[in-house]
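Some notes on the structure that comes next.
Reminder, nothing fancy here: chain letters follow the sequence lines and each chain counts from 1. These figures come from a predicted structure and were not determined experimentally.
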Amino acid sequence: MILMIPDTVIQNPAYEVKGNDMTTKQISVFLENKPGTLAEFCKVLQKNNIDMRALCVADAMDFGIARVIVDDVYETVTVLKDEGYICQITKVLTVEMKDEPGALSDILAILGDKGINLEYTYAFLTRQRDKAYLVIKVADNKAAANLLEAHGVKVICQDELEKIFGD
Amino acid sequence: MQRYFSPEKETASREQVIEWQNKGLVDAVKRVWDNVPYYRAKMEEKGVTPDDIKGIEDLHKLPFLTKDDLREAYPYGLMARPLEDCVRIQSTSGTTGRRVVAFYTMNDIHLWEECCARALVAAGATKEDVVHVSYGYGLFTGGPGLNGGSHMLGSLTLPMSSGNTDRQIQFMTDLKSTVLCCTPSYAAYLAESIHERGLRDKIHLKAGIFGAEAWTEEMRHDIEQALGIKAYDIYGLTEISGPGVSFECEAQTGMHINEDFFIAEVINPKTGEVLPDGEKGELVFTSFAKEAFPLIRYRTKDICILSREKCSCGRTFVKMTKPLGRSDDMLIVKGVNVFPSQIETVLLNHGYAANYQIIVDRQKNSDTIEVRVEMTPEMFSDELSKVTAKEKELVSGLKSMLGIYANVKLVAPKSITRSEGKAVRVIDKRNLYKG
Ligand SMILES: [Zn+2]
């Protein structure tokens, strides 16, 4: 099956370097701020057998943005658009984090020292119990990825992420 | 090149125009009193007689006419001349209920056609031009009006009527049409078809006169670019005569009203009070020069602003903005007049679809207004701050358009109540009229 995704949903194409893309794909979804919208959203995913690997909701006064990590990004976007949701695919960085005290602050310090501003961040776990993953949204993915790798932090690309979910 | 069709009228001094209007109004009121029992009864009800009307300063004493009056008096009830003096009937396009019919003597036809000839000259047309009229012909005034104006000017007239795009384009290329008259949406469609056929180099148009429906400055720009022309607006209504009641000049900043035939007023649609020039309100016309069907203080329901600022074209007739909305959907919030069309304009100006709903409420004796806007992909981002920034832009856009603060609430796509497919634009929870 070929899924048609309009180019406009893919943000910052400039950061995509063929064969060397260090980013992972997150789906951002508009949620109206009224009772039950998040539950309804989860139900839509469930109904279509889509597993949410990570979910983070940011709230403004009158609306929210759900950010989700799933196995099949394009299939999920198609499902959501059919259901009438406004959503987009956002390229973010996902880094591996040891599940131990100080791991998070170390990573944040690396970015902070170089003045890289975090738009938002959230963490998720997988079945591998000793590891946690951190999703990071910055303005310049490539610069941040290079910086983190230089400090020995493992940056996960989309292929690796899918492999992790497959395990 | 001829700049005005009727220079002695179009550039007359303000004093001269007032003199014509004073004389015309006194005469029209007498004629109506003597010949139109329907309006005479309205005057008697208000305790006004022709003796009370000495000139336009007394205009405010006279009762209004509305479309409902025209329907009630249908078909002959507002005629000021016997049928045998009339030579033409025109009618408004299908609204609900009874149609509105207007009657014309030969002089009325000439008056109307002169209005259209003035509009053509203001758009740069001369007797050397080929005027391509793609307005509908028939009871609708668009085709007959511009056709007559073109004849009066002495231009070669192509009575194309609407539709049959291939034939339109063939005549346009073969007979070298130079001035196009049609609705703006049809002009946009013709432009697209011409480009599709690769015939842009084969057309000779230099100007277009587009009216009978609302259009934006963006549409004007697009049509002008696509056809390589200057596009002019024209305004009119069958009840008053037809297209040409007012028309745009080279300045393209509003439409000059033919004040030697029509008196224009702008009123507060709720109170009927006359507003000074420069204020927004409902446009009211008195067609004092008409013989068969003169209307006194006819309420158009169109909201606009009149301006007496000096125009670079040299015409002295007052200018009106294009209709900014309809008085029927006007809301008063915190004492300020709000039109749904203004909110639509703000959304469109920001590049969003106009899917919105206005919710007016009253909390602690103070009006509140909330504009619900359906989220669009253009507005969305994964970052909260980017979306809220766009929301704030809308709030300040609304503030400068409306003059009051309106809360913006972003809602899910297709969540705005639709009634039989049409979105419900206004929900007023204040129950102002329930006592
Ligand atoms: Zn002018």
Side-chain angles (χ1 to χ4, degrees), chain A residues 5-12 23-38 40-41 44 55-69 73 77 80-93 117-122 135-139 141, chain B residues 343 346-348 350-361 363 368-399 404-418 421 423-425 427 429:
Chain A
I5 303 292
D7 292 343
T8 48
V9 302
I10 301 183
Q11 273 202 331
N12 302 340
T23 62
T24 49
K25 294 184 176 81
Q26 160 198 283
I27 302 172
S28 315
V29 189
F30 174 79
L31 294 180
E32 202 179 315
N33 189 7
K34 64 179 186 197
T37 45
L38 183 60
E40 204 179 291
F41 169 70
V44 167
L55 166 70
C56 155
V57 182
D59 267 317
M61 284 284 280
D62 59 334
F63 68 94
I65 299 170
R67 299 165 187 140
V68 294
I69 304 282
V73 177
V77 165
L80 289 174
K81 291 205 165 173
D82 285 350
E83 293 279 346
Y85 283 94
I86 297 276
C87 58
Q88 66 172 214
I89 297 173
T90 314
K91 292 192 167 190
V92 291
L93 294 180
N117 192 36
L118 253 64
E119 313 283 4
Y120 53 82
T121 180
Y122 55 96
V135 176
I136 299 170
K137 175 65 195 289
V138 290
N141 278 328
Chain B
I343 285 152
V346 172
L347 288 170
L348 294 173
H350 281 80
Y352 308 135
N355 295 323
Y356 64 95
Q357 185 172 56
I358 303 158
I359 305 210
V360 185
D361 205 347
Q363 283 163 2
T368 61
I369 175 164
E370 177 177 279
V371 179
R372 295 196 172 163
V373 181
E374 285 187 1
M375 193 68 187
T376 66
E378 293 77 29
M379 227 185 286
F380 187 57
S381 161
D382 63 311
E383 288 173 39
L384 215 52
S385 58
K386 288 199 179 139
V387 183
T388 48
K390 288 184 181 171
E391 208 178 5
K392 282 200 189 103
E393 276 171 25
L394 277 182
V395 169
S396 63
L398 287 168
K399 175 100 206 257
I404 52 167
Y405 170 80
N407 182 38
V408 169
K409 183 173 160 61
L410 300 176
V411 298
K414 300 194 174 64
S415 65
I416 281 168
T417 333
R418 278 159 173 85
V424 179
R425 293 289 175 224
I427 294 179
K429 296 177 170 174

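- Considering all non-hydrogen atoms of both residues, I65(A) and S381(B) come closest at CD1-O, 3.4 Å.
- In this structure, chain A has a heavy atom under 4.5 Å from the backbone of T376(B), while its side chain stays farther away.
- When side chains are defined from C-beta on, L384(B) does not count as touching E119(A), because their heavy atoms never get closer than 4.5 Å.
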Step-by-step side-chain contact (heavy atoms from CB on, under 4.5 Å) determination, T388(B) to F63(A) = CA-CA 9 Å; T388(B) 48; F63(A) 68 94; 3.9 Å; yes
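- No part of K414(B) comes within reach of chain A, as not one of its non-hydrogen atoms sits under 4.5 angstrom from that chain.
- Once rounded to the nearest 0.5 Å, the distance linking CD of E378(B) with CD1 of I86(A) reads 8.0 Å.
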Worked check of salt bridge (charged side-chain N to carboxylate O under 4.0 Å, His left out) between D382(B) and K137(A) = CA-CA 10 Å; D382(B) 63 311; K137(A) 175 65 195 289; 3.0 Å; yes
Side-chain polar contacts of residues 28-36 of chain A - donor-acceptor pairs under 3.5 angstrom, sequence neighbours left out - could you list them?
residue, atom, partner, partner atom, Å
S28(A), OG, Q26(A), NE2, 3.1
S28(A), OG, T90(A), OG1, 2.8
E32(A), OE1, A412(B), N, 2.7
N33(A), ND2, M61(A), O, 2.8

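- In plain terms, the two heavy atoms of E383(B) and Y120(A) that are nearest each other are CG-CE2, 4.0 Å.
- T37(A) pairs by the side-chain hydrogen bond (donor to acceptor under 3.5 Å, both in side chains) definition with nothing, not counting sequence neighbours.
- The two residues P413(B) and G84(A) have their closest heavy-atom pair at CG-O, 3.3 Å.
- Taking L410(B), V408(B), N407(B) one by one and counting their heavy-atom pairs under 4.5 Å with chain A, the maximum is reached by L410(B).
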